[in-house]
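In what follows, every chain begins at residue 1, and chains take the letters A, B, ... in the order their sequences are listed. Side-chain atoms are counted along with the backbone in the values below, which use heavy atoms only and exclude waters and symmetry mates.
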Amino acid sequence: MSEIKPYDPATIEVKWQQAWEQAGIHEVRDDLPRDKCYYVLEMFPYPSGKLHMGHVRNYTIGDAVARYKRMRGFAVLHPMGWDSFGLPAEQAAIERGAHPQKWTYENIAYMRGQLKRMGFSYAWSREFACSDPGYAHREQQIFLDLVEKGLVYRKSSLVNWSTGLNCVLANEQVVDGKCWRTGMPVVQKELPQWYLRITHYADELLRGTDELKGGWPDAVLTQQRNWIGKSEGAEIDFPVDGHPEVKLTVFTTRPDTLFGVTFVSIAPEHAALDKIVPASHRAAVEAFKAEVRAVSAHDRTGDTAEKKGVFTGAHVINPANGALVPLYAANFVVADYGTGVVMAVPAHDSRDFAFARKYGIPVRTVIQAVDAQHAEWVKYQAGEDAYTAPGTMVDSAQFTGQPSEAAKKAITTWLATSGKGRATVTWRLRDWCLSRQRYWGNPIPFVRSEQLGYTPLPKQDLPVVLPTDVTFDGTGNPLEKHATWAVTTADGRPLTVRGQKGPEAARRETDTMDTFMESSWYFARYTCHDNRRADLGCAAPLDKAKADHWLPVDLYIGGIEHAVLHLLYARFFQKALADTGHAGVREPFKRLLCQGMVCMETYSREGANGRPQWFYPDEVEVVRDAKGVVTSAVLAADGASVRVGRVEKMSKSKRNTVDPQKLIDTYGADTARLFILFAAPPEMDVVWSEDAVKGAHRFLKRVWALCQDQAVRLASTAPFAGHVKDLTGADAAVVRKVHATVKKATDAMERDFAFNTTIAACMELMNELKPEALKPEVVKLGLTTLVRLLAPMVPHVCQELWADLGGGSRADDLIKAGWPTYDPAQMEADEAEYPVQVNGKMKGKIVLPRSLAGAALEQAVREHAEILRVCEGKAIRKLIVVPGKIVNLVVG
RNA sequence: GCCGGGGUGGCGAAAUGGCAGACGCGGGGGACUUAAAAUCCCCUUCCCGCAAGGGGGUACGGGUUCGAGUCCCGUCCCCGGCACCA
């Protein structure tokens with residue numbers, strides 16, 4: 001036998017990548033029936049510089065799905081692009097003097113090369129970057145449509161101000177009271193901002209979560225529901241004592257406790273306060289307001305924040321019984337939820353209970369537990385906490401004696417008849433603060449003039465293009481500091497708007513859009529397949545027919561960290577696109593797969609400053625016991641011990657990252673792909689292990705060697721195409737194994753994209769393929785099946801082997817070969833081995849013909865020598881025989 | 001506190017209510033080699049036993065069932081999200 005070809009991943013991978021690209025086989029047509037089409041999408045990356053392991057995992061999963069679906073005959077749309085506006089580009093400008101544009105596009109070029117080197121099967125003709133003028137222009141058009149639809153407004157409000165970035169942050173960009181990017185403190189500041197009216201869709205966004213059930217992970221749907229936060233209750237008006245012109249409206253979910261109100265609390269920034277605080281208390285209230293405003297929203301209302309309040313000197317009147325109760329300004333009452341005023345019932349609300357105790361406010365019981373032993377009631381009786389559960393109404397006028405749940409509605413109705421209250425619904429969801437005081441984002445297409453104030457630009461004046469001659473010193477907004485950009489047109493003339501008395505000087509809005517804007521519709525833009533042309537082929541932001549053809553995305557894959565932000569914004573945006581006539585589809589993603597994190601072990605020591613000092617695994621030597629269990633570790637450099645930490649998500653700060661490029665260079669893309677898919681199911685975390693990578697590589701080498709060893713011998717042999725019943729011995733066993741493997745692999749893919757199980761099935765099949773003991777056509781069947789089953793996961797090596805096994809060497813031969821099929825009739829042997837349980841315990845095994853069933857099977861079991869032995873002469877009281885599965889005897 | 005997801009060998013993990021631990025990693029032993037690497041073969045859930053064999057075992061406690069890792073009830077622990085939201 002001649003020398004077999006060595007496995008050289010670098011060569012074959014690049015060869016096939018070029019062949020695929022040249023043949024254009026991953027481009028897709030738009031004119032096939034929708035049920036023959038499949039849109040699989042991975043969350044596009046921010047071009048930070050180079051790919052990390054999280055990207056590799058995300059995109060490998062998506063690519064394996066795309067390739068699998070193609071082999072199943074689908075026309076697969078599998079696009080990729082760049083979320084290329086954003087802060088890091090500006091930070092690079094500040095730190096290194098690199099222009100954001102240059103930095104961004106250089107990163108894109110490098111990362112695109114890495115994606116290609118991984119062999120991902122993207123339709124590259126659809127690629128775009130969000131910072132491309134064409135895409136930004138389309139987004140400005142959409143923005144103006146949203147303005148027209150009333151979905152955009154300006155509002156001055158307390159916003160989160162990042163002291164590190166000198167800009168406004170969205171609530172969700174504030175983590176633990178600190179800026180999510182820089183970790184710098186966040187304070188509250190009053191500023192006018194642009195808002196998108198996402199709350200207009202609150203109800204539809206909430207209802208949509210029910211339709212998405214089954215397609216989306218429960219965790220994500222729950223998070224979105226919590227975030228939207230629908231709350232049903234009542235508004236109740238409390239007149240202010242001595243101020244007949246003012247009434248304070250509270251929102252409550254507990255109208256049943258109305259008779260127990262002993263004080264009312266109000267947000268310190270509530271507008272009505274100025275009118276009703278008497279002079280005697282003005283100073284105290286102002287001091288409290290200042291104190292509250294000095295800290296971030298988190299420090300004010302977070303779990304560690306102290307509940308504080310100050311008596312305003314004013315009293316309000318309980319509309320139910322005329323009782324006069326004090327009004328407190330309290331730090332935990334927020335102005336923009338509900339009405340900013342809360343009725344307080346210490347007896348039946350834990351927070352009110354604590355507050356009342358602190359300030360010596362009375363507690364008035366109006367609900368009594370039905371069961372006097374109720375744990376919470378007992379605690380309440382002991383004066384430890386409020387009683388918040390339902391019960392029977394007491395001391396509540398005509399409602400006394402009713403069940404409290406019924407009284408909620410009864411009291412609301414009673415108040416409504418006299419106009420003192422009404423049933424209402426409140427949402428936790430706030431409108432989306434869109435504006436950012438930054439350079440590297442899409443400009444908001446508004447101008448401002450003396451007479452007209454803010455005016456949207458006419459569409460023919462778009463696009464608003466960012467200036468390139470800007471300076472970055474890390475403070476404020478470079479656009480605002482630019483000498484001419486805000487006041488001149490693209491061709492350098494003074495910027496004007498048409499005022500009532502002719503042209504009037506105008507100034508551009510210098511705020512740019514939040515980058516979640518771009519990621520809210522990129523998936524729709526991919527469906528319009530002319531993204532490489534500067535004019536994008538159509539004047540409209542979307543080609544509606546194409547968008548409606550492909551949307552919703554069949555499978556969207558990304559990290560769970562986007563559960564509320566990106567995924568809720570995108571759902572909102574799709575509805576807004578529909579309502580502005582750009583698309584017909586209202587939900588963007590049919591199925592969502594959240595892949596787990598890539599983790600690695602950590603090693604550390606207590607550092608000098610009390611914080612841990614982390615070490616790269618390369619620097620550490622681990623000590624194992626006889627069973628291979630890690631017992632301790634030492635630093636190679638000094639031989640002293642280090643702490644073996646938990647396995648944690650890869651991060652630079654913990655020094656437990658691996659550069660995927662190194663992995664590709666050492667083992668090839670196929671090994672990287674195989675490792676990441678085999679280590680765990682997609683939604684679970686994977687733990688990085690160099691040994692496991694080697695194991696994946698070893699498997700590929702074994703498949704390679706086996707195929708190459710047989711390729712020449714089998715060159716003119718066709719795969720076995722007969723029926724297993726015409727075979728015997730090892731040949732029959734292998735053919736059955738082939739059919740069983742295809743079934744297992746197919747089930748695993750269709751159920752959960754359980755690539756790890758598919759790969760395991762392939763490994764089993766390979767372990768059974770012993771060519772010397774088999775007919776050539778059976779070997780050929782085994783190998784060609786194996787190669788096709790592995791192809792979606794490790795496409796390069798499979799395509800090379802497919803060619804060498806005579807399947808053809810054109811770029812699309814493997815796709816055309818298709819995913820293998822199986823015949824259930826050829827999966828099982830004629831004899832079935834039945835495990836035998838006696839009284840629930842395993843006692844042995846018997847072999848019976850598979851064809852036996854019913855009474856004949858039972859008869860055969862009863863007469864079997866092994867059965868007689870395990871029964872030890874005792875009578876069989878009950879016999880359960882599950883055909884092909886198990887025999888269970890109850891004896892005694 | 002509330003919501004969601006988990007808990008299976010030394011490790012990653014498999015198992016439509018039907019032989020728990022497939023497959024892989026690590027570990028042990030062997031072959032090849034001057035040697036190492038690479039490769040190949042065998043063993044590897046725990047306990048008792050030289051062995052044949054026996055017993056235990058899917059976080060813990062109950063339950064349903066001929067039969068439970070899987071279904072039901074309760075408890076503990078871990079991970080993630082939300083949290084003065086009235």
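- Taking only side-chain atoms of A:Asp691, from C-beta outward, the nucleotide of B:G81, B:G24, B:G26 with the closest atom is B:G26.
- Nucleic acid contact for A:Ser231: sugar-phosphate only, since backbone atoms but no base atoms lie under 4.0 Å from a heavy atom of the residue.
- Proximity of A:Arg351 to the phosphate of B:G1: no side-chain N or O atom is located under 4.0 Å from OP1 or OP2.
- To the nearest angstrom, P of B:C23 lies 13 Å from CG of A:Leu765.
- A:Thr741 and A:Glu764 are not linked by any side-chain donor-acceptor pair at a separation below 3.5 angstrom, with hydrogens and angles left out of the test.
- Below the 3.5 angstrom threshold, one finds no donor paired with an acceptor across the side chain of A:Arg698 and the base of B:C40.
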Reading nucleotides 11-22 of chain B from the 5' end, what letters show protein touch, with B for base, S for backbone sugar-phosphate only, - for no heavy atom under 4.0 Å? -BSSSB-BBS-B
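- Between A:Phe355 and A:Phe332, the ring centre distance stays below 6.0 Å.
- The residue from A:Tyr667, A:Phe755, A:Trp688 that alone fulfils the ring-ring contact (aromatic ring centres under 6.0 Å, His included) condition with A:Phe675 is A:Trp688.
- Formation of a donor-acceptor pair under 3.5 Å by the A:His348 side chain with backbone atoms of A:Val366 is found in this model.
- Within 4.0 Å (heavy atoms only), A:Arg702 reaches sugar-phosphate atoms of the nucleic acid but no base atom.
- Within the 4.0 angstrom heavy-atom criterion, no nucleotide atom of any strand lies near A:Gly229.
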